[in-house]
Amino acid sequence: MASLSSVRWLTRALVATPNPGVWRGLGTSAATRAASRSQGEDVRVEGAFPVTMLPGDGVGPELMHAVKEVFKAAAVPVEFKEHHLSEVQNMASEEKLEQVLSSMKENKVAIIGKIHTPMEYKGELASYDMRLRRKLDLFANVVHVKSLPGYKTRHNNLDLVIIREQTEGEYSSLEHESAKGVIECLKIVTRTKSQRIAKFAFDYATKKGRNKVTAVHKANIMKLGDGLFLQCCREVAELYPKIKFETMIIDNCCMQLVQNPYQFDVLVMPNLYGNIIDNLAAGLVGGAGVVPGESYSAEYAVFETGARHPFAQAVGRNIANPTAMLLSASNMLRHLNLEYHSTIIADAVKKVIKVGRVRTSDMGGYATCQDFTEAVIAALPHP
């Protein structure tokens, strides 16, 4: 798999660490397997790139089926290693989590659906989804919000990128009842992780030929926590004189995105703000069904939808929009250096949307998920 490790440019070009010894290099092989293999471990197939698939909850399995159908039609040399992890379907346990982690660590690339997090407290504050991201150190979530040709929304020709730190902040799972009826929920901000995500954002902007990075914060109120994040962004910005740097308070950012989103290029922000802005920005170009996303650590790349919604009310109704997952799968193929397959799938999806004859209900049409998938397959180049 040397060729596989050599093409993962993002995790080398975009990630830097003050202590290189902490992370393994991408060329390092997975730890030697134990002699006895469990049933949950993957079996490699010669000639294909192994990719961990985690369908998740809600319409996730339907979206993954669409991906598999399109990949099959396009003869994509990818072998999916499918695992299941769900807190709402009684398919979550420490054993299953370890199986998923083992597969992801071995394959280093994964495509996942939304793992739904129940609101009920059952003794564990950190959800399986959060634990998975932390154990893989998937610190950078990247959502490219781009208008789709032929599909008109309130704002057209949008092209902006949201980069979110997703291993600390408000989602640190540190809550306790300090007194009867008084809950303390801790927000964690560290210099190391703030510098890391800021550098990722500026490296991304440099690599992609973008001109501006906007740091989103609430340092006027959270003077120490968000103040540290903002300070780190400013320090990193000084290392990139060719990239314009701006700052914006989170509430103003929400308003500006709705009024004039064209002013933004790359936005970098802490965890909670990124979660909110991802969804707001997705709504600007068509909603959760059309925006792809991805998450990176120093070693691993995970591809998913940009706005994470299980869309549980659509389960079994064949109405989910597979656009976001198919575009995410296309991005995954580009990450694997399968440029041809990545391009033909993305072009086929965009062609179907531009023609406008086959659109799911969220895009104002009447087509089913299967109809859209078949239309994409028909739009693929055939020998």
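Any value given below was found using the heavy atoms of this structure, including those in side chains, with hydrogens, waters and symmetry copies removed.
A ring-centre distance under 6.0 Å is not found for His341 and Phe71.
Leu186 forms part of a hydrophobic cluster together with Leu174, Ile188, judged by ILVMFWY side-chain heavy-atom separations under 4.5 Å.
Residues Lys105 and Glu98 are not paired through a salt bridge, judged by the lack of any N-O separation under 4.0 Å between the basic side chain and the carboxylate. Salt bridge status for Asp251 with Lys218: present, with a side-chain N to carboxylate O gap under 4.0 Å.
Partners of Arg131 according to the salt bridge (Lys or Arg N to Asp or Glu O under 4.0 Å) rule, which considers only residues two or more places apart in sequence or in another chain, are Glu94. When the salt bridge (Lys or Arg N to Asp or Glu O under 4.0 Å) test is applied to Lys193, no partner is found at least two apart in sequence or on another chain. Residues meeting the ring-ring contact (aromatic ring centres under 6.0 Å, His included) test with Phe264, sequence neighbours left out: none. Partners of Glu374 according to the salt bridge (Lys or Arg N to Asp or Glu O under 4.0 Å) rule, which considers only residues two or more places apart in sequence or in another chain, do not exist here. Partners of Lys187 by salt bridge (Lys or Arg N to Asp or Glu O under 4.0 Å), not counting sequence neighbours, listed by chain and number: Glu170, Asp226.
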Take Asn260 and His155 through the test side-chain contact (heavy atoms from CB on, under 4.5 Å) and record every step on the way to the result.
CA-CA 9 Å; Asn260 179 26; His155 299 288; over 6 Å; no
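A continuous path of hydrophobic side-chain contacts links Tyr262 to Leu280 [ILVMFWY only; heavy atoms under 4.5 Å].
You'll find the side chain of Val266 stays beyond 4.5 Å of the side chain of Ile243, heavy atoms only.
Proximity of a side-chain donor or acceptor of Asp265 to a complementary backbone N or O of Asn211 within less than 3.5 Å is detected.
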